[in-house]
Amino acid sequence: QVQLVESGGGLVQAGGSLRLSCAASERTVGTNAMAWFRQAPGKEREFVAAISRSGGSTDYADSVKGRFTIYRDNAKSTWYLQMNTLKPEDTAVYYCAVHLGATFDRNTYWYDYWGQGTQVTVSS
């Protein structure tokens, strides 16, 4: 069974940085398009960032553009979300997701596998 294992969440002060990682248990899964989503308490899961299979195309939610960077290491079947200049409103559980194909989408239904989530808390 395919597993996506996230790491890197934690507690950070506003203005700080964190890097999230997502590793796929199977190499073939790790070479597909992937995305990061987040879900705050009482809110729906929302799109954060996505990257194509090749890594040549990325997309970001307006709320994180210029602060977050998504990138990948296909050799390690691992993806990353570098989060800088964090704000209290970034507090949420962050999920990585994989689509078994080359392209990404902003909708949750597009993705075939999901990680278990990692908590990011930004204090003011």
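What you see below is based on every heavy atom in this structure, not just the backbone, and it leaves out hydrogens, waters and symmetry mates.
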Residues in side chain to side chain contact (heavy atoms under 4.5 Å, CB included) contact with V120, at least two apart in sequence or another chain: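 Here the qualifying residues are L18, L20, M83, Y94, V122.
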
Which residue pairs pass the salt bridge (Lys or Arg N to Asp or Glu O under 4.0 Å) test when at least one of the two sits in [range], sequence neighbours left out?
{"range": "residues 100-121", "answer": "D59-R106"}
{"range": "residues 42-58", "answer": "R38-E46"}
{"range": "residues 12-29", "answer": "none"}
{"range": "residues 67-81", "answer": "R67-D90"}

Considering all heavy atoms, the nearest [X]-[Y] contact:
{"X": "S124", "Y": "A14", "answer": "CA-CB, 4.4 Å"}
{"X": "L4", "Y": "C22", "answer": "CB-SG, 3.9 Å"}
{"X": "W110", "Y": "T103", "answer": "NE1-O, 3.0 Å"}

Name all residues meeting the side chain to side chain donor-acceptor pair (under 3.5 Å) criterion together with [X]; count only those two or more places apart in sequence or in a different chain, and write none if there are none.
{"X": "S17", "answer": "N84"}
{"X": "Q3", "answer": "none"}
{"X": "T121", "answer": "Q119"}

Are [X] and [Y] linked, directly or through other ILVMFWY residues, by side chains that come within less than 4.5 angstrom of each other?
{"X": "V93", "Y": "L86", "answer": "no"}
{"X": "I70", "Y": "F47", "answer": "no"}
{"X": "V98", "Y": "W36", "answer": "yes"}

Test log, rule ring-ring contact (aromatic ring centres under 6.0 Å, His included), inputs F104 and Y111: CA-CA 8 Å; F104 52 74; Y111 296 90; 8.6 Å; no

Q116 and E6, any side-chain heavy atoms less than 4.5 Å apart: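 Yes, at least one pair of side-chain atoms sits under 4.5 Å.
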
4.5 Å side-chain heavy-atom contact, V48 and L81: yes

Sequence neighbours excluded, every pair satisfying ring pair (Phe, Tyr, Trp, His ring centres under 6.0 Å) that has a member inside residues 56-92: Y71-Y80

Pairs flagged by ring pair (Phe, Tyr, Trp, His ring centres under 6.0 Å) wherever residues 10-35 is involved - sequence neighbours left out: none

Hydrophobic cluster partners of V5 (side-chain heavy atoms under 4.5 Å): none

Inter-residue atom distance L11.CG - T91.OG1, 0.5 Å rounding: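 Reported to 0.5 Å precision, the distance equals 8.5 Å.
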
Set of residues satisfying ring pair (Phe, Tyr, Trp, His ring centres under 6.0 Å) with respect to Y95, sequence neighbours excluded: none

Under 3.5 Å donor-acceptor, S52 side chain and S57 backbone: yes

